[in-house]
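Inspection log for the structure reproduced underneath, given as structure tokens.
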Amino acid sequence: MTHIFANWKMYLDVVESRVLGETLVDTWKTHDNINCVVFPTPLAAVDVTEICEGTPVSVGAQNVAWVPRGAYTGASSAMLYKNIGCTYALVGHSERRYIFGERNIDVRKKTEACLEQNIIPVICIGESQKDRDNGKEEYRIKKQIMRVFDGLNIGDSKIFVAYEPVWAVGTGIPCDPDEAEKMHIYIKEQIAEFTDVQVPILYGGSVNADNVTGYASSSHIDGMLVGSASVKIEEFSRIIEAVAS
Ligand code: 13P
């Protein structure tokens, strides 16, 4: 099974999100080996979840608050997303960490909130360019994994990790597939220090229809988390076809 997750970020308005969701499910061919999840803007989450209901495409939240309800202006909790039928959530995306100041402790709390609500967390980790320039990519990854996984009660739940090097996100500079594979092996080793649960690891960062097979052909890369290329239906369909074939 290859996981192809589409992070629509804040690229689309509600109408555009509906159209993309409808086109995706209408044009979906039978792909038993692909697990596809889309992450729309929160404003379109209800609509897109309705559109995808009963189809092979699942829907996730781009971000969650860790408390279920209350006086948290502007926030939407894992519980509220669960109520509308979302089954996944991105947690700790680099844009949340670097633009909105999320810390590892926040990522941990959001992960716990997802697990409590039976939402599958997709924990995003990755080093910055500065980390890499200083040879600290493994240090950064190790720390991010430790802060989330140490003592985490996963139980029978599913959990994903996305390796998204910050320097490759939205830059058009993808991580070389061999380097991504090396990092995935390291990530799996680090996670194994804390849990026996098999955690699929996705690669994200400037994935497109032309480079996707380089990642999909690695047995250590369990799928891709696609950003800008996922909101162009022709390109996203080419990504799915390339991986499915
Ligand atoms: P891009 O594919 O646009 O580089 O974004 C990747 C990403 O952030 C997915 O979460």
Side-chain angles (χ1 to χ4, degrees), residues 2-12 16-17 20 24 34-42 44-45 48 57-64 81 86-102 106-107 110-111 114 119-129 131-132 137 140-141 144 148 159-177 179-180 183-184 187 199-216 221-240 242-243:
T2 305
H3 307 277
I4 303 184
F5 291 6
N7 180 4
W8 295 354
K9 305 193 180 186
M10 205 174 70
Y11 287 126
L12 307 176
E16 290 161 341
S17 302
L20 183 59
L24 185 61
I34 305 270
N35 174 34
C36 182
V37 185
V38 299
F39 298 83
T41 164
V48 176
V57 178
S58 304
V59 182
Q62 292 183 8
N63 177 39
V64 296
Y81 279 106
C86 286
T87 44
Y88 288 78
L90 300 179
V91 179
H93 189 278
S94 62
E95 287 148 14
R96 300 293 322 166
R97 292 178 188 261
Y98 286 91
I99 302 173
F100 297 101
E102 276 184 20
D106 304 313
V107 178
K110 291 177 181 205
T111 302
C114 288
I119 284 208
I120 301 170
V122 182
I123 301 157
C124 303
I125 59 173
E127 80 284 358
S128 66
Q129 183 64 57
D131 292 329
R132 198 158 263 268
E137 59 272 23
R140 180 68 56 208
I141 295 294
Q144 289 174 335
V148 175
I159 189 161
F160 282 68
V161 162
Y163 171 57
E164 297 206 303
V166 181
W167 48 271
V169 169
T171 57
I173 306 169
C175 184
D176 177 75
E179 179 61 19
M183 294 302 286
H184 278 230
I187 289 165
V199 178
I201 317 291
L202 315 181
Y203 168 74
S206 299
V207 173
N208 59 38
D210 296 326
N211 64 24
V212 70
T213 45
Y215 305 106
I221 299 179
D222 303 301
M224 279 61 67
L225 177 53
V226 187
S228 61
S230 74
V231 294
K232 303 168 206 148
I233 188 64
E234 292 83 14
E235 174 140 27
F236 192 58
S237 301
R238 278 176 57 214
I239 289 175
I240 291 171
V243 174

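All heavy atoms count here, side chains included; hydrogens, waters and symmetry mates do not. Worth saying up front: this structure is predicted, and the values here are computed from it rather than measured. One-based numbering, in listed order, for ligands and for the atoms of each.
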Next item on the list: Sort out for me which residue in Glu127, Glu137, Gln129 forms a side chain to side chain donor-acceptor pair (under 3.5 Å) with Trp167.
Entry: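 Result for side chain to side chain donor-acceptor pair (under 3.5 Å) with Trp167: Glu127.
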Next item on the list: Check whether any side-chain heavy atom of Asn7 sits under 4.5 Å from a side-chain heavy atom of His93, and report yes or no.
Entry: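 Yes, at least one pair of side-chain atoms sits under 4.5 Å.
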Checklist line | Whether Gly205 lies under 4.0 Å from ligand 1, heavy atom | finding: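 Distance cut 4.0 Å: Gly205 passes for ligand 1.
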Check: Where on Val169 is there a heavy atom closer than 4.0 Å to ligand 1, on the side chain, on the backbone, on both, or on neither?
Finding: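 Near ligand 1, Val169 shows its backbone as well as its side chain.
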Check: Which atoms of ligand 1 have any heavy atom of Ala168 under 4.0 Å away?
Finding: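 Once the distances to Ala168 are compared, the set is 4 (O).
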I'd like to check whether [X] has a polar contact with ligand 1, where a contact means an N/O of the residue lying under 3.5 Å from an N/O of the ligand.
X: His93; result: yes
X: Thr171; result: no
X: Gly170; result: yes

Nearest-neighbour protein heavy atom for [atom], which is reported as residue plus atom name and distance:
atom: atom 3 (O) of ligand 1; value: Ser228 N, 2.9 Å
atom: atom 5 (O) of ligand 1; value: Lys9 NZ, 3.1 Å
atom: atom 2 (O) of ligand 1; value: Gly227 N, 2.9 Å
atom: atom 9 (C) of ligand 1; value: Glu164 OE2, 2.8 Å

Next item on the list: Over 60° means perpendicular and under 30° means parallel, so classify the ring planes of Tyr163 and His184, tilted if in between.
Entry: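 Aromatic pair His184/Tyr163 classed perpendicular.
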Notebook entry, point to check: Any idea how Phe39 and Phe5 line up, ring-wise: parallel (<30°), tilted (30 to 60°), or perpendicular (>60°)?
Noted result: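 Aromatic pair Phe39/Phe5 classed tilted.
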Note to self: If the threshold is 4.0 Å, N to carboxylate O, is there a salt bridge linking Arg132 and Glu179?
What the structure shows: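 Yes.
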Notebook entry, point to check: Could Asp210 and Arg238 be called an ion pair, given the rule that one side-chain N must be under 4.0 Å from one carboxylate O?
Noted result: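 The answer is yes: the pair qualifies as a salt bridge.
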Item checked: Single hit among Val48, Val226, Thr41 for side-chain contact (heavy atoms from CB on, under 4.5 Å) with Trp8 ->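 One option only clears the test, and that one is Val48.
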